[in-house]
2 protein chains.
Amino acid sequence: MLTIGKIARATGVTIDAVRYYERERLLAPARKSRAGYRLYGADTVRRLKFIRHAQQCGFSLAEIRELLELRTRERSCCKDVRSVAIAKRAQLDARIEALQELAQALDRLIEACDDDAKPLDDCPILGALEGAFQGESRPRAAPAANRARS
Amino acid sequence: MLTIGKIARATGVTIDAVRYYERERLLAPARKSRAGYRLYGADTVRRLKFIRHAQQCGFSLAEIRELLELRTRERSCCKDVRSVAIAKRAQLDARIEALQELAQALDRLIEACDDDAKPLDDCPILGALEGAFQGESRPRAAPAANRARS
DNA sequence: CTTGACCCTGGTACCAGCTCCAGGGTTTAG
DNA sequence: CTAAACCCTGGAGCTGGTACCAGGGTCAAG
């Protein structure tokens, strides 16, 4: 039986985070000692490691909760887990692609600015950022201004 | 002279965001009409477009403020701007690489789970997430538990 | 003159994922 | 016995970038 401090050190999660996970229903409410101290067993160590690893794999706490619930649901099988992972994988790909586009846009800007110490007025980077330039995608889907005139 | 609603529509930024940028010193305090209405000129339109484009390039508002300050500082030159862009580019690369590692880790998990509807107890994904697995990097740099015993 | 669109300020709420604090009680080492 | 180290609850604060609200003033059209 581990107290919260010990399980925290054992799993590399802070004490506050453990309590937070309990509040957020990623951990079942812990058994308590007479004094009200939380007591944990090996199962919670495993669960916390699961959470940590899944976070490192890019899952949000909400997604992790979903995985954990899948695990305790009778009727679900491995395939369900797999499909969650695949969906996450696709999300990740989209995110990577978006970042790569950003990187390319930045590259174009950097390239345009061959480093011969121009005055700022001629800086092609600032100029490009100022005017409408290559991308100009995402017109922000009908800004709707404010709550006014909706 | 544009009122805030007009400049918002002209630049694709919400009214609230324009006011927020003013508070956060990305825009100089606007000139006001007798009634206290903010009035903007073409320079602010350009500045807002700059902000929007820079955001699309992955710059945070703090970084954008830095760029804008560079621009109004006498002694700075194009090279300074360029080096900010290059630093951002490097950051972006690191982020992309990290995500690609995640994607690979997920791929390994998905691959391990060849979809023949195993019961959950045998699910290799859940198993891998639970135990110490391939990566196990980043032991979270001395967790320090809580403020206690520091 | 009235309606409705627009603007103001100052404040609160939201997202995630914690972190930290006050003000207590408990356990353990010396 | 005492002091340090640990634990509790409940709540606030943080990050970034807004969104939204109340309660008011202003402006233009009909």
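Naming: A, B, ... by sequence-line order, numbering from 1 per chain.
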Within this structure, what is the [atom1]-to-[atom2] distance between [X] and [N], rounded to whole angstrom?
X	N	atom1	atom2	value
Ile7(B)	dC7(C)	CD1	P	11 Å
Ile64(B)	dG16(D)	CD1	C1'	12 Å
Leu39(B)	dT26(D)	CG	C1'	13 Å
Tyr20(B)	dT12(C)	OH	P	17 Å
Lys6(B)	dC7(C)	NZ	P	7 Å
Arg9(A)	dA5(D)	CZ	P	12 Å
Ile4(A)	dC18(C)	CD1	C1'	14 Å
Ile15(A)	dT9(D)	CD1	P	12 Å

Indicate the atoms forming the closest heavy-atom contact of [X] with [Y], along with that distance.
X	Y	answer
Ala30(A)	Leu39(A)	CB-O, 4.2 Å
Ile64(B)	Ile51(B)	CD1-O, 3.6 Å
Arg65(B)	Glu24(B)	NH1-O, 2.5 Å

Compare the minimum distances between each of [options] and the side chain of [X], then state the nucleotide with the smallest one.
X	options	result
Asp16(A)	dG17(C), dC20(C), dC7(C)	dC20(C)
Thr14(B)	dA19(D), dG25(D), dG17(C)	dA19(D)
Arg23(A)	dG17(D), dT19(C), dC7(C)	dT19(C)
Ala17(B)	dC18(C), dT18(D), dT19(C)	dT18(D)
Thr3(A)	dC7(C), dG17(C), dC7(D)	dC7(D)

query = Does CD belonging to Glu97(A) count more than 12 external heavy atoms closer than 6.0 Å?
reply =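 Open: at most 12 neighbouring heavy atoms sit under 6.0 Å from CD of Glu97(A).
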
Atom CZ of Arg95(A): over 12 foreign heavy atoms under 6.0 Å =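 No, the 6.0 Å shell around CZ holds no more than 12 heavy atoms from other groups.
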
ask   = Between residues 24-36 of chain B and DNA chain D, which residues have a heavy-atom gap below 4.0 Å?
value =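 When residues 24-36 of chain B is checked for heavy atoms under 4.0 Å from DNA chain D, the hits, listed by number, are Ala35(B).
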
Compare side-chain N and O positions of [X] against OP1 and OP2 of [N] and report whether any pair is under 4.0 Å apart.
X	N	value
Arg19(A)	dC8(D)	yes
Tyr21(B)	dG17(D)	no
Arg38(B)	dC6(C)	no

query = Salt bridge check: are Asp43(A) and Arg46(A) linked by an N-O gap of less than 4.0 Å?
reply =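 Here Asp43(A) does not pair with Arg46(A) in a salt bridge, since their nearest N and O are not under 4.0 Å apart.
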
ask   = Under 4.5 Å between side-chain heavy atoms, hopping through other hydrophobics if needed: is there a path connecting Ile96(A) to Ile110(B)?
value =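 Each belongs to a different hydrophobic cluster.
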
query = With nearest nucleotides of DNA chain D determined for Leu61(B) and Tyr37(B) from heavy-atom distances, which residue corresponds to the more 5′ nucleotide?
reply =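 Result of the comparison: Leu61(B).
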
